Amino acid sequence: MKDKKIKNVFKEGAISSEFIGESIAKHQTKTSIGAHNIFLGQVRADEIDGKTVSAIEYTAYEDMANEKFHEIREATFEKFNLTCMHIYHSLGKVKAGEICLFVFVSSPRRKEVFKALEYVVEEIKAKAPVFGKEIFEDETHQWKVNS
Amino acid sequence: MQLNIKYFGLIAELTSCGEEQLEFQGTKIEEVLEKLFEKYPDLKTKDFQVAQNREIVSNDSKITGGDIALLPPFSGG
């Protein structure tokens with residue numbers, strides 16, 4: 001199910017488990033699907049120099065990021081036999097333990113979704129201009145760098 | 001030519017603004033950067049990529065006008 005329209009991937013704040021659950025439920029009518037695979041990125045309470053991360057505040061070059069997400073979607077549909085794919089990324093503050101990235105791929109067959117999901121997530125990490133500010137409990141911060 | 005310069009993440013923190021207009025006479029990205037380094041000397045010590053009209057470009061790319069963005073290392077997900 002390819003579509004050419006550029007979608008807005010961003011959601012304000014954390015991605016709720018209700019939203020994720022509803023997304024799964026919506027696919028019950030798509031009965032050609034035999035396998036879903038889901039990646040959930042969760043904010044980690046990293047300890048850095050004795051201080052603990054309490055939240056990450058995300059900002060993005062939204063126009064460019066949405067174009068990049070679109071290109072990643074197109075490339076993923078080219079490479080893998082997928083029925084559908086959904087990507088959501090948080091903007092603003094997401095507390096430790098909450099979900100900031102939700103990637104959902106579906107296919108008739110399981111092998112495709114295992115490979116496709118890893119590809120999509122790695123591409124997002126490398127190509128989407130999204131920036132995370134790690135906020136500590138004492139309100140100081142540092143800028144996150146993806147490893 | 002009038003350029004619209006956008007800053008993100010730690011770069012926006014350094015420039016204290018997210019976006020500004022720059023009157024520019026020149027042809028290449030590196031010339032824009034030189035001008036920005038004059039205004040914000042600390043920029044030189046930072047790691048960033050440049051996007052022109054939402055595509056990553058190199059320092060010797062030609063200016064085509066529009067939006068120039070300074071992007072620090074990505075940290076989405």
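In this text, all values refer to a predicted model and were calculated from it rather than measured experimentally. Below, read A as the first sequence line, B as the second, and so on, with proteins coming before strands; counting in each chain starts at 1.
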Undergrad: Would you mind checking which part of B/D67 comes under 4.5 Å of any heavy atom in chain A, side chain (CB onward), backbone (N, CA, C, O), both or neither?
TA: side chain

Undergrad: Dump the intermediate steps for side chain to side chain contact (heavy atoms under 4.5 Å, CB included) on A/Y88 and A/I99, then the final yes or no.
TA: CA-CA 10 Å; A/Y88 299 96; A/I99 302 300; over 6 Å; no

Undergrad: Given a strict heavy-atom distance threshold of 4.5 Å, which part of A/E71 is in contact with chain B: side chain, backbone, both, or neither?
TA: side chain

Undergrad: Aromatic rings A/H86 and A/H27: how do their planes relate, parallel, tilted or perpendicular, breaks at 30° and 60°?
TA: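 The arrangement is perpendicular - the two ring planes meet at more than 60°.
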
Undergrad: Go through the atoms of A/A65 and report whether side chain, backbone, both or neither lie under 4.5 Å from a heavy atom of chain B.
TA: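 Looking at A/A65, nothing touches chain B.
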
Undergrad: By a 4.5 Å heavy-atom criterion (distance strictly below it), what part of A/K68 contacts chain B: side chain, backbone, both, or neither?
TA: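 Only the side chain of A/K68 comes within 4.5 Å of chain B.
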
Undergrad: Look at the aromatic rings of A/Y58 and A/H89 and report parallel, tilted or perpendicular, splitting at 30° and 60°.
TA: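 If you compare the ring of A/Y58 with that of A/H89, the planes turn out perpendicular.
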
Undergrad: If I measure from the heavy atoms of chain A, does B/E13 come under 4.5 Å with its side chain, its backbone, both, or neither?
TA: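 Contact with chain A involves the side chain of B/E13 alone.
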
Undergrad: Highest number of heavy-atom pairs under 4.5 Å with chain B: which of A/S90, A/G41, A/A126, A/A128?
TA: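 Heavy-atom pairs under 4.5 Å are most numerous for A/A128.
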
Undergrad: Any side-chain heavy atom of A/R110 within less than 4.5 Å of one from A/F114?
TA: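 The answer is yes; the side chains approach within 4.5 Å.
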
Undergrad: About how many Å separate CD1 of A/I135 and OG1 of A/T52, when rounded to the nearest 0.5 Å?
TA: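 That separation rounds to 14.0 Å.
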
